[in-house]
Amino acid sequence: EKMALHLALLPRVEIWESDQMGSMDYQAARLLAHAEEARSRGALPCAILAAGEPTLALPAAAQAPESAQGGRAAHFALRFMLEAERKGLSPYVLLSGASDGSDGSLDAAGAICDSALAARSRKMGERPERYLENFDSHSYFRAAGSLLRTGPTNTNVSDVRALILW
């Protein structure tokens, strides 16, 4: 049986374009808005591809523990997952990774999550929101078995996000 897959490529957002456009919140909201639009148009299944390196600013009052670990790509995945859950976007799977294979100074390129991961985590006593608040996305996805590990790719183009909806 043949099935069409709708494809959307979001224009790349560079961190230097503006403080708002480069922010993690803006880029997560932008991807979520495109997902909601695809669903409302009935353009499913759909793959939305996006690139860009969002800025992740730690607030001055951030209480991230010394042990907190997380790079831009994994933090994006956790941020998107929780916002998608809040808005009821389901089902989906998201890959968020650094093209060079290293999300910050960590041993993972990013993370993969789906629309059921937060609920599965809560059933095991985890609070994904706590990891987001503490800037500890790497620890969350490591515990969930959802880190993206590619090893070094010897290239650094951009962070890449692939969202698949059905």
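- Nearest heavy-atom pair across Arg120 and Asp114 is NH1-OD1, 3.4 Å.
- Between Ala98 and Ala73, the closest heavy-atom pair is N-CB, 4.0 Å.
- If you chain together hydrophobic residues whose side chains sit under 4.5 Å apart, Leu163 and Leu95 never meet in one group.
- Remark: side-chain polar atoms of Ser115 are paired, donor with acceptor, to backbone N or O of Tyr92 under 3.5 angstrom.
- Inter-residue side-chain proximity for Trp166 and Leu44 is flagged as unmet; no heavy-atom pair is nearer than 4.5 Å.
- Here the closest non-hydrogen pair linking Ile48 and Cys46 is CG1-SG, 3.7 Å.
- Note: Phe135 and His75 have parallel aromatic rings, judged against thresholds of 30 and 60 degrees for the angle between ring planes.
- Between Asp159 and Phe76, the closest side-chain pair of non-hydrogen atoms is not below 4.5 Å.
- Side-chain atoms of Ser99 come within 3.5 Å of backbone atoms of Val157 as a donor-acceptor pair (strictly under, hydrogens ignored).
- The minimum heavy-atom distance between Ala43 and His6, with the atom names listed, is C-CD2, 3.3 Å.
- Linking ILVMFWY side-chain heavy atoms closer than 4.5 Å, directly or via other members, places Leu132 and Leu117 in a single hydrophobic cluster.
- For the atom pair CD (Glu85) and CZ (Arg122), the distance works out to 4.0 Å, reported to the nearest 0.5 Å.
- The minimum heavy-atom distance linking His138 with Ala108 is given by the pair CE1-CB, 3.9 Å.
- Between Arg161 and Leu49 there is no side-chain heavy-atom pair separated by less than 4.5 Å.
- Shortest non-hydrogen contact noted between Ala74 and Phe141 is O-CE1, 3.3 Å.
- With rounding to the nearest 0.5 angstrom, the CG atom of Leu78 is 8.5 Å from the CD atom of Glu129.
- In this structure, Arg79 contributes its side chain and Ala29 its backbone to no donor-acceptor pair below 3.5 Å.
- To the nearest 0.5 Å, atoms CE (Met81) and OH (Tyr140) are separated by 3.5 Å.
- Between atom CG of residue Asp103 and atom CG of residue Leu148 there is a gap of 9.0 Å, rounded to the nearest 0.5 Å.
- Linking ILVMFWY residues whenever their side-chain heavy atoms come closer than 4.5 Å, directly or via other members, places Leu31 and Leu82 in the same cluster.
- A salt bridge does not link Arg142 to Asp107: none of the charged side-chain nitrogens sits closer than 4.0 Å to a carboxylate oxygen.
- With rounding to the nearest 0.5 angstrom, the CG atom of Leu5 is 10.0 Å from the CG atom of Leu165.
- To the nearest 0.5 angstrom, Leu89 atom CG is 10.0 Å from Leu94 atom CG.
- With respect to Glu83 and Arg86, a salt bridge is recorded, a charged nitrogen being found less than 4.0 Å from a carboxylate O.
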